[in-house]
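Only one structure is covered here, and it is reproduced in the block below.
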There are 2 protein chains.
Amino acid sequence: MKPKLNDVAKLAGVSATTVSRVINNHGYLSQKTKDKVFEAMRELHYQPNNMARSLQGKKTRLIGVIFSDISHPFFGELVSRIEKLLFAQNYKVILCNSADDPQKEREYLQMLMANQVDGIIAGAHNLGIEEYQQYGLPIISFDRYLSDNVPIVSSDNQQGGRLATQALHQAGAQKIAIFTGKNHAGSPTNGRREGYEAYLKTAQLTPHFHEIPFEWSPALKMMTIKKILVANDYDGVFCSDDLTALLTINVAKQLQLSVPDDLKVVGYDGTALIRNYHPDLTTIEQPLADISELLVSLLLQRIADAECDLEPMYQLPVKLVKGITA
Amino acid sequence: MKPKLNDVAKLAGVSATTVSRVINNHGYLSQKTKDKVFEAMRELHYQPNNMARSLQGKKTRLIGVIFSDISHPFFGELVSRIEKLLFAQNYKVILCNSADDPQKEREYLQMLMANQVDGIIAGAHNLGIEEYQQYGLPIISFDRYLSDNVPIVSSDNQQGGRLATQALHQAGAQKIAIFTGKNHAGSPTNGRREGYEAYLKTAQLTPHFHEIPFEWSPALKMMTIKKILVANDYDGVFCSDDLTALLTINVAKQLQLSVPDDLKVVGYDGTALIRNYHPDLTTIEQPLADISELLVSLLLQRIADAECDLEPMYQLPVKLVKGITA
DNA sequence: AGTGTTATGTCAAACGTTCGTCATTTTTAT
DNA sequence: ATAAAAATGACGAACGTTTGACATAACACT
């Protein structure tokens, strides 16, 4: 059997109360007793039962982290950073891959409630507003509007869209398309599209929109991209994520189009993976370190004080990372 | 305040005992009462408090999943699959990025114990054996020896090493190097190295070993690779992971070496990311779907019956995925 | 010796469930 | 009508910990 508080007490030759006091650093304690107790805890490999503690009203120090899928490099990197920051603050992460499925997201939410998490960081894309309101829990959202009292952390998607389009234009492109995911309300790609449109307007160029649903398989995406490139004579494409940009480049190669000579390409996200392994790709870098720090720090503020008022929206600056594809 | 079992009981007009019986489907229950209770639960958005339940000896249905870093695409994909499989069985994942740091790994282990997890899936690389034994908990390991009673799931690294080397050789390479991580005992890359060596022996070729520590930054790795390629006239390189293979290809490009004409390259892992976005790369594909299913299924068996005996080692077959780099 | 501070102990209630025991009521089958 | 089966209820102990109330002991300082 696992050792309990009482076993520690016996071994240390003190009362259970004293052990609890030592653990919680509560009331008067002599150094000698503390030492004895810690020693006994070590000897028995005692770990206080968190279930019992949080039944007592203590925090669980569990945080739910919901993203569509951490096998996507962007979310993988983001969640990895979030987990590290939280662990450093003695919080644990319950991982939720919502797969952009509203039903799964709902189940996750219920599960997280049942597990008494202290808070949630959500970057999922599907649920209606109400569902997030009914749980009176600290929540911070990444890049997505959930509800009025849920602060959003995001990067400046419009600015990113402008920068990307500008890069294409300044590299000489004149007929510039944008490839985005489906544009449901609240989706982050909307901002990118707006920035694209805004820049083209000032440059007096015509926008060309193409939707390539995020959840499609890469093979299907490639087919679609091929059709699009064949049917049009674009000389520049702004892809609203880096992976699509890689596909576009692959398709261009298949079509014997030289990048950047015949076709210029700019991606979006700029994860470490892309910067390290595809330095050629010109892309818009989201400040992942800042984003994760802000998400965590806001959440911890909300946990410490549920009433503390936070901005409804924190928008972090993005930057262009020049490769050679535009 | 969150609704409790008693609130449900009141609303449904039954006793607390009955509500508990309904939740646990225990004893005689009429359909009518069940309906009433479920209705009340729904109305109140009631979620049983898992802390209280597991204090009662119920399972927590929490699983600790320890890998070095999910921002690495291989681990990201593996952990994503594991999480999905576990969630489908109503288990939740506590995510642990050990960063290959023994101290962090130790802290994670203690934290998981404190949180009463039902089991652990570990793919980390650092801890001594003893530490995993002292907790009498179901554990399954990925690709790494932890302790005699911890089953290992891995792919056939030796076979992978042989296949990779064979591919290089059959593509015409004669002077074939291997780039691996540091070879501490129990590391999966050892098997790959052995396969490499074994194949070269039968082909009567000389092995050339180079260590490129896994934890180095990509920039540092590239520098090292460049030095190695400049100092030797290899015409084939087997990289023990795909990302290093990408770096090697990038370096080759810098050195004006044509791949595969001047230099053939084979990677290792074959994640969906690589297959989708780098179909050119010849690589050894680890069967991630089978691996994750096996990891989860073995763990659940051990949880269901701590005494059930499992093989000490499950080795799944790998396969060569032909690209054009070898 | 007296006072105040610091250190420890005993005891018990509380957290939200589960589950066994026992009792009672309702339903069903004969 | 009667017995057996099915359905519910009331009650309370237990899970491992925290915490407050209260008591008492040890110690330092005048």
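Throughout, protein chains are lettered first and strands after them, A, B, ... in sequence-line order, and every chain is numbered starting at 1. Both backbone and side-chain heavy atoms feed into the values below; hydrogens, waters and symmetry mates do not.
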| query | Reckon B:T18 touches a base, only the sugar-phosphate, or nothing at all at heavy-atom distances under 4.0 Å? | reply | sugar-phosphate
| task | Tell me what B:N24 touches on the nucleic acid: a base, only sugar-phosphate, or nothing, going by heavy atoms under 4.0 Å. | result | sugar-phosphate
How long is the line joining [atom1] of [X] and [atom2] of [N], in whole Å?
X: A:I23; N: C:dT8; atom1: CD1; atom2: P; value: 15 Å
X: A:L44; N: D:dG16; atom1: CG; atom2: P; value: 15 Å
X: A:Q47; N: D:dG16; atom1: CD; atom2: P; value: 15 Å
X: B:M41; N: C:dT17; atom1: CE; atom2: C1'; value: 13 Å
X: B:L5; N: D:dG9; atom1: CG; atom2: C1'; value: 14 Å
X: B:Q31; N: C:dT28; atom1: CD; atom2: P; value: 14 Å
X: A:N49; N: D:dT17; atom1: CG; atom2: P; value: 6 Å
X: A:K10; N: C:dG9; atom1: NZ; atom2: C1'; value: 16 Å

| Any idea which heavy atoms bring B:K2 and A:M113 closest together, and the distance? | CE-CE, 3.7 Å
| request: Verify whether one side chain among A:Q103 and A:R106 offers a donor that lies under 3.5 Å from an acceptor in the other. | output: yes
| said: Checking side-chain polar atoms at under 3.5 Å, does B:R302 have a donor or acceptor matched by the opposite partner on B:N149? | reply: no
| query | To the side chain of A:L29, which of D:dT17, D:dT19, C:dT8 is closest? | reply |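 Ranking D:dT17, D:dT19, C:dT8 by closest atom to the A:L29 side chain puts C:dT8 first.
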| Which of these nucleotides, C:dT17, D:dT17, D:dC15, is closest to any side-chain atom of B:L55? | D:dC15
| Position toward the 5' end of DNA chain D (nearest nucleotide), B:G57 or B:K34 | B:K34
| task | Describe, in one word, how the ring planes of B:Y108 and A:F87 are oriented to each other, choosing from parallel (under 30°), tilted (30 to 60°) and perpendicular (over 60°). | result |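 The rings of B:Y108 and A:F87 lie parallel, inter-plane angle below 30°.
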| Between B:D69 and A:K84, is the closest basic N to carboxylate O distance under 4.0 Å? | yes
| query | Salt bridge between B:E107 and B:K104, side-chain N to carboxylate O under 4.0 Å? | reply |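 No, no charged N to carboxylate O under 4.0 Å.
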| OP1, OP2 of C:dA7 versus side-chain N and O of A:S30: anything below 4.0 Å? | no
| Under 4.0 Å: is that the gap between some side-chain N or O of B:K58 and OP1 or OP2 of D:dC15? | no
| request: Can you check each nucleotide of nucleotides 20-29 of chain D against protein heavy atoms at under 4.0 Å and return B for base, S for sugar-phosphate only, - for none, in 5' to 3' order? | output: SB--------
| Given DNA chain C, 5'-ward residue of the pair A:S15 and A:Y28, judged by closest heavy atom | A:Y28
| request: Ignoring hydrogens and angles, tell me if any N or O in the side chain of B:N97 forms a donor-acceptor pair with the backbone of B:A99 under 3.5 Å. | output: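 Absent.
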